Amino acid sequence: MRATNLYAPTLREVPAEAEIESHKLMLRAGMIRKVASGMYTYLPMSWRTMRKIMNIIREEMDAAGGQELLMPIVQPAEWWQASGRWDVYGAELWRVKDRHDRDFCLGPTHEEAITMTFKQDVRSYKQLPLSLYQIQTKFRDERRPRFGLMRGREFMMKDMYSFDRDEAGLDKTYQRMHEAYTNVFKRCGLKFRPVEADSGAIGGSGSHEFMAIADTGESAIVYCDTCDYAASVEIASVPAGACEKEAFGETQKVATPNCASVEDVANFLGLPTSTVVKTMYYQADDKTVLVLLRGDRHVSEVKLQNLLGCLELSMASDETVEKFGGKAGYLGPVGIKGIEIIADCEVPLMYNYVTGANEEGYHLLNVNYQRGDFVIDKVADIREVTAGEKCPHCGGVLQGARGIEIGQIFKLHDKYSRLLEANYTDEEGVERPAVMGCYGIGVGRTMAAVIEQSNDEYGIIWPMAVAPYQVVVIPVNDKDEALTAAAKKIYDELLRAKVEVVIDDRKERPGVKFNDADLIGYPLRIVVGSKSLAKGVVEVKIRATGETMEIPVEEITEWTKKRIGEELTK
RNA sequence: CGGGACGUAGCGCAGCUUGGUAGCGCACUUGAUUUGGGAUCAAGGGGUCGCAGGUUCGAAUCCUGUCGUCCCGACCA
């Protein structure tokens with residue numbers, strides 16, 4: 001490709017809308033342009049990379065027994081009503097009507113669609129197991145699209161669905177997909193970790209998220225430094241440690257003016273926040289519950305929602321709180337009746353702690369559940385784990401990190417096959433629902449994650465396997481005919497050798513070409529200059545390491561092919 | 001959905017407080033010189049100031065509404 005024809009409109013200045021490095025670089029390198037919030041046009045450079053990532057995914061999915069198909073983006077409302085998700089999915093489901101006023105949605109995922117496909121044609125255990133996948137545009141009307149391709153409303157996703165006869169079969173398929181995902185992300189050059197995760201609105205249990213490690217990641221994870229345990233903080237579970245036994249102190253009401261937060265109270269009383277028990281009212285669908293937690297802990301709303309089995313969970317309003325006898329900012333469990341009280345596992349083990357007095361400006365000291373100061377209806381693990389705690393598997397120390405969720409695998413079991421009646425007949429002639437799994441990869445997000453992990457002050461540093469082009473050839477002076485002819489010859493030879501190469505034949509000064517080459521991130525740069533040419537060599541620069549070397553002109557094609565081969569098998 | 005901010009040329013911004021008919025840098029076009037890390041000079045082109053009302057002799061500027069965009073939070077495969 002000649003740079004004079006290449007549609008890669010680079011920018012010197014960063015558009016004001018971009019916040020994180022991958023978004024800025026994709027805009028600056030002329031890879032994407034925004035159409036509306038959360039919707040982008042993929043210009044040729046990003047689409048080449050997207051296609052490479054999709055092909056890596058295809059190869060690994062096919063190797064793991066998958067077969068590619070393509071379902072419609074638009075799906076009838078009836079399918080979603082049948083699975084119950086027409087109501088459950090909420091405002092994120094992008095609903096549309098046709099001219100007859102019939103309801104449809106733009107597919108955010110395809111469990112219903114694939115299950116309906118399956119049930120049309122699969123009858124017998126002899127047809128199982130079966131794994132089907134597609135790579136397709138998905139729509140989710142996100143509340144807050146952000147960070148460019150990281151969280152779009154329209155995005156590219158690979159989604160695979162597996163059908164097995166039983167749980168044992170699903171376990172095998174799931175494991176195989178776990179390995180396939182590991183291969184995909186390795187080949188993309190990512191630093192990543194599979195973590196135990198919540199299965200969310202999709203339903204089912206048993207799930208791993210594949211997290212690309214990056215400080216700008218939206219998800220917090222913990223991982224063990226001595227074993228392979230890793231989990232999202234929302235779901236990570238560490239057993240509550242017993243507290244040192246203390247004698248019950250006498251409960252006292254103390255004035256704590258203007259101390260409406262745990263931190264204020266602890267500072268005011270000169271105590272650590274871990275000696276406070278905080279009280280929160282949550283609205284779970286139509287029901288209000290009271291939640292108790294050690295003062296320095298955070299509620300995992302995921303765990304709480306799973307415990308309560310509710311669709312919507314949010315903090316209750318001040319009016320609701322007061323209806324139950326609470327006083328916002330000074331909440332406590334003592335004397336509260338008529339509401340379910342849920343305590344995190346740590347709370348019943350604590351002694352002599354501080355709670356609100358349900359009276360503005362007052363707290364209680366030396367409160368003890370074990371003495372019967374208040375009641376608890378349910379004890380459960382409802383808190384987020386923090387870095388520094390003990391690994392639940394091996395006792396090592398948990399480390400904290402942030403990650404970009406680039407893939408997730410779920411065990412769906414028979415949730416959809418039962419609801420949509422996707423059954424097969426076994427050897428005994430008994431009809432059984434197929435046991436399903438689903439496996440997603442965000443293609444654009446994977447591309448963004450690669451950039452997020454691999455860039456410097458000059459631009460993108462593409463791993464060879466996903467670079468839009470592998471090599472750029474830069475003639476350094478467009479007036480020197482011998483030089484441009486030599487560059488053209490090298491370019492033609494590389495093309496013949498099936499190298500993905502761009503020649504920067506623009507009438508620009510060398511500095512402009514070098515800067516664009518760094519910004520776009522070609523893994524290899526071949527510079528043809530008059531001084532080196534006089535010596536019969538060209539200069540090669542490796543983008544990733546910055547190292548430069550001189551290669552004789554007649555060897556450059558072979559050298560380049562060899563180098564690309566090495567990079568691709570690394 | 002709650003909180004905050006911003007919409008002026010393709011991009012980055014100034015002008016708005018104190019109303020007088022729009023400006024800077026980059027990019028773009030033409031010519032000349034220049035050619036190993038974002039050149040120089042000269043001459044050009046490009047904007048219903050997001051949109052709609054209102055106030056005023058006069059609105060980018062003041063008022064009201066509306067749409068869009070971004071950030072933080074909540075939420076989310």
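Every chain is numbered from 1, with letters handed out A, B, ... down the list of sequences. As the structure is a prediction and not an experimental result, all values here were calculated from the model.
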Would you say a side-chain N or O of A:R144 is under 4.0 Å from OP1 or OP2 of B:A74? no

For nucleotides 8-16 of chain B, just jot down a letter per nucleotide in 5' to 3' order: B, S or -, based on protein non-hydrogen atoms under 4.0 Å. ---BSS---

Can you list, in residue-number order, the parts of residues 208-221 of chain A that come under 4.0 Å of RNA chain B, counting heavy atoms only? none

NA contact type, A:K34, heavy-atom cut-off 4.0 Å: base, sugar-phosphate, or nothing? sugar-phosphate

Nucleotide N/O of nucleotides 40-42 of chain B paired with protein N/O under 3.5 Å:
none

Does any residue of residues 37-46 of chain A have a heavy atom under 4.0 Å from RNA chain B, and if so, which ones, in number order? A:S37

Please name the nucleotide paired to B:U56 by Watson-Crick or G-U wobble geometry with both distances under 3.5 Å, or report none. none

Under 4.0 Å between any heavy atoms, over every strand shown, what does A:Q305 touch: base, sugar-phosphate, or nothing? Just pick one. sugar-phosphate

Pairing check on B:C70: which nucleotide meets the Watson-Crick or G-U wobble criteria with it, both distances under 3.5 Å? B:G4

Phosphate OP1/OP2 of B:A27 contacted by A:R12 side-chain N/O (<4.0 Å): yes

Residue pairs meeting salt bridge (charged side-chain N to carboxylate O under 4.0 Å, His left out), one or both in residues 501-513 of chain A, sequence neighbours left out, come to A:R2-A:D505, A:D504-A:R506, A:R506-A:D516

What protein N or O atoms touch nucleotides 35-37 of chain B N or O atoms at under 3.5 angstrom, if any, and at what distances?
| residue | atom | partner | partner atom | Å |
| --- | --- | --- | --- | --- |
| B:U35 | O2' | A:N477 | ND2 | 2.9 |
| B:U35 | O4 | A:K479 | NZ | 3.1 |
| B:G36 | O6 | A:G529 | N | 3.4 |
| B:G36 | O6 | A:S532 | OG | 3.1 |
| B:G36 | N1 | A:E539 | OE1 | 3.4 |
| B:G36 | N2 | A:E539 | OE1 | 2.5 |
| B:G36 | N2 | A:E539 | OE2 | 2.9 |
| B:G37 | O6 | A:R525 | NH1 | 2.6 |
| B:G37 | O6 | A:R525 | NH2 | 3.1 |
| B:G37 | O6 | A:K541 | NZ | 3.2 |
| B:G37 | N1 | A:D518 | OD2 | 2.9 |
| B:G37 | N2 | A:N515 | OD1 | 3.0 |
| B:G37 | N2 | A:D518 | OD2 | 2.6 |

